[in-house]
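Predicted model only: the values in this text are computed from it and were never measured.
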Amino acid sequence: MLTGDETVSDGNAWIGSLALRQHLQAFQQRVGYCPQFDALLNKMTGRETLFLFCRLRGMCEDMIDTYVKELTAMVDLIPHVDKCTDTYSGGNRRKLSLAIALCAAPPVIFLDEPTSGVDPSARRKIWSTLASLQRTYGSAFILTSHSMEECEALCARVAIMVNGRFQCFGSVQHLRHKFGQGFTIMAKLRRDLVDDSSYMASIEEYVSRCLPSAVLKDVHQCLLHYHITDSNILWSKMFAVMEDMKHHFSLEDYIISDTTLEQIFLSFARKQR
C-alpha cells in the first residue's frame, strides 16, 4: 500500500506535504522500492538496468555513469554488472534489486527482505552501505525482515507484527527492556526420555524449587525454554543449578543467555495464525 501497488482502504501516508492518496504520482517519485521477488529485465545487463532506472528518475546524464559505478561497488556487483541479468544467481539478483531502489537516492526507500539469499560477506557490505547512505543522503529506510541480526544492525526502531497487527514498536533496547527482562535457559533433554511424564514432571519441580522465578515459555521436541524473570540472580547460581540438573537428569546440553531480540520476535511469532 505504501508503494501504491495496492489501493489503500483507510488512512493515509505522507512524505513531506505529499499525501499517498491525493498525490500518488508525486509520492511515488520520492520512493525507492526493492520488492521481495526480483522484478528484473532478463535481457538487459546490470549496468543497462541501472542506467535505465537512473534516467527514469530524472538524473542528469553526465552524473549517471559515476553514480552507477559507485552503486555497483556499494552492493558488491562489479564482477557481474556487464552480464545479462538472466544469468545472475539469486544473491546477485537481490543486489541489483537493491541498487535499483537506491537509484538517485530517493528520500524514502522501502526494502522487502533486501538481503535474503545474499552471502554473509556481501550482506555485511550491504548493511554498511545502507547505514552510510542514511547518513550521507538522510534517506529514511523502511525494511521488512525475518533476520533480527539485520534489524539490530540497521534499525533505529523496530515493529513486530502478528496477524497483520502491531504487537510492539520501539528501539531495540526498549523492546529488550520491556519484553526480555531477565535471562533465558535452554535445556536439551535426552530424546528417549522426553515421552516419560514422570521425568518431565520431576524436571519442572526441580527447576521451580531451585529457580523460583523461572517460567516455562516453550517445549519443542527435546528443548525446554525457560525465562528467568529475576534479573538480580547471579550467573554463578544459574550455572550451579544447571550443572546439578545436567548430572541428575542426564541432560544432553544447556544454554544460559540474556534474552535476545530473536527470542522476543519468536515469542510473538508463536501467536501467528
- Query: Would a 4.5 Å heavy-atom cut-off, applied to side chains only, mark Val207 and Met245 as touching?
  - Reply: yes
**Report entry** Tyr33 vs Ile100 side-chain heavy atoms within contact, under 4.5 Å
**Finding:** no
Output for pair (Gln36 CD, Asp112 CG), nearest 0.5 Å, gives 4.5 Å
With no hydrogens and no angle check, just 3.5 Å: does a side-chain donor-acceptor pair link Asp82 and Thr45? no
Beyond-backbone contact of Leu40 with Ser97, side-chain heavy atoms, under 4.5 angstrom = yes
The reported gap from OH in Tyr226 to OG in Ser208 (rounded to nearest 0.5 angstrom) is 7.5 Å
Salt bridge (charged side-chain N to carboxylate O under 4.0 Å, His left out) assessment of Arg123 paired with Glu149:
CA-CA 11 Å; Arg123 184 182 299 134; Glu149 186 186 10; 5.4 Å; no
Looking at side-chain heavy atoms only, is the closest gap between Ile142 and Ile109 below 4.5 Å?
no
### Exceeds 12 heavy-atom contacts within 6.0 angstrom, atom CD of Gln22
yes
Around atom CZ of Arg209, are there more than 12 heavy atoms from other residues, nucleotides or ligands closer than 6.0 Å? yes
I'd like to know whether Asp65 forms a salt bridge (charged side-chain N to carboxylate O under 4.0 Å, His left out) with Lys69, so could you lay out the CA-CA distance, the side-chain angles of the two residues, the decisive distance to 0.1 Å, and finally the verdict. CA-CA 6 Å; Asp65 187 54; Lys69 286 177 181 174; 3.4 Å; yes
Rounded to the nearest 0.5 Å, the CD1 atom of Ile185 sits from the CD1 atom of Ile256 at a distance of 5.0 Å
*Are Phe239 and Met242 close enough that some pair of their side-chain heavy atoms sits under 4.5 Å apart?*
no
*Does the ring center of Phe268 lie less than 6.0 Å from the ring center of Phe179?*
yes
So the side-chain hydrogen bond (donor to acceptor under 3.5 Å, both in side chains) pairs with at least one residue in residues 241-257 (sequence neighbours excluded) are Tyr206-Asp244, Glu243-Tyr254, Asp244-His248
Quiz prompt | Within-4.5 Å side-chain heavy-atom neighbours: Val31 and Pro106 | solution = no
In this structure, SG of Cys34 is separated from CD of Glu113 (nearest 0.5 Å) by 10.0 Å
*asked:* Tell me whether the count of non-hydrogen atoms from other residues, nucleotides or ligands lying under 6.0 Å of CG in Leu266 goes above 12.
replied: yes
Item to complete: Report yes if the distance between the aromatic ring centroids of Phe27 and Trp14 is under 6.0 Å, otherwise no.
Response: no
Contact between Ile15 and Leu20 at the side-chain level, heavy atoms closer than 4.5 Å - yes or no? no
Are the charged groups of Glu152 and Arg176 less than 4.0 angstrom apart, N to O? yes
message = Tell me if the NE2 atom of His174 is crowded by more than 12 foreign heavy atoms within 6.0 Å.
response = yes
Around atom CE of Met161, are there more than 12 heavy atoms from other residues, nucleotides or ligands closer than 6.0 Å?
yes
Rounded to the nearest 0.5 Å, the CG atom of Asp86 sits from the CZ atom of Arg93 at a distance of 7.5 Å
So NE2 of His80 and OG of Ser89: to nearest 0.5 Å the spacing works out to 6.5 Å
Applying side chain to side chain contact (heavy atoms under 4.5 Å, CB included) to Leu2 and not counting sequence neighbours gives Ala13, Phe110
Using a 6.0 Å cut-off, check whether atom CZ of Arg157 has over 12 heavy atoms from anything other than its own residue. no
(Q) Any donor-acceptor pair under 3.5 Å linking the side-chain atoms of Thr115 with those of Glu150? (A) yes
Tested for side-chain contact (heavy atoms from CB on, under 4.5 Å) against Phe265, the lone hit among Ile160, Leu175, Val162 is Ile160
request  = For the residue pair Cys84 and Asn42, establish whether any side-chain heavy-atom pair is separated by less than 4.5 Å.
outcome  = no
Next on the checklist: Membership question, hydrophobic clusters at under 4.5 Å side-chain separation (ILVMFWY): are Val219 and Tyr199 in the same one?
Outcome noted: yes
Could you tell me whether Glu48 and Lys43 make a salt bridge, using a distance below 4.0 angstrom between a side-chain N and a carboxylate O? no
Establish whether Val215 and Ile233 are linked, either directly or via other cluster members, by ILVMFWY side-chain heavy-atom contacts under 4.5 Å. no
| message | Can you confirm whether Gln173 is buried at CD, in the sense that more than 12 heavy atoms of other residues, nucleotides or ligands lie under 6.0 Å from that atom? | response | no
Could Glu61 and Arg55 be called an ion pair, given the rule that one side-chain N must be under 4.0 Å from one carboxylate O?
yes
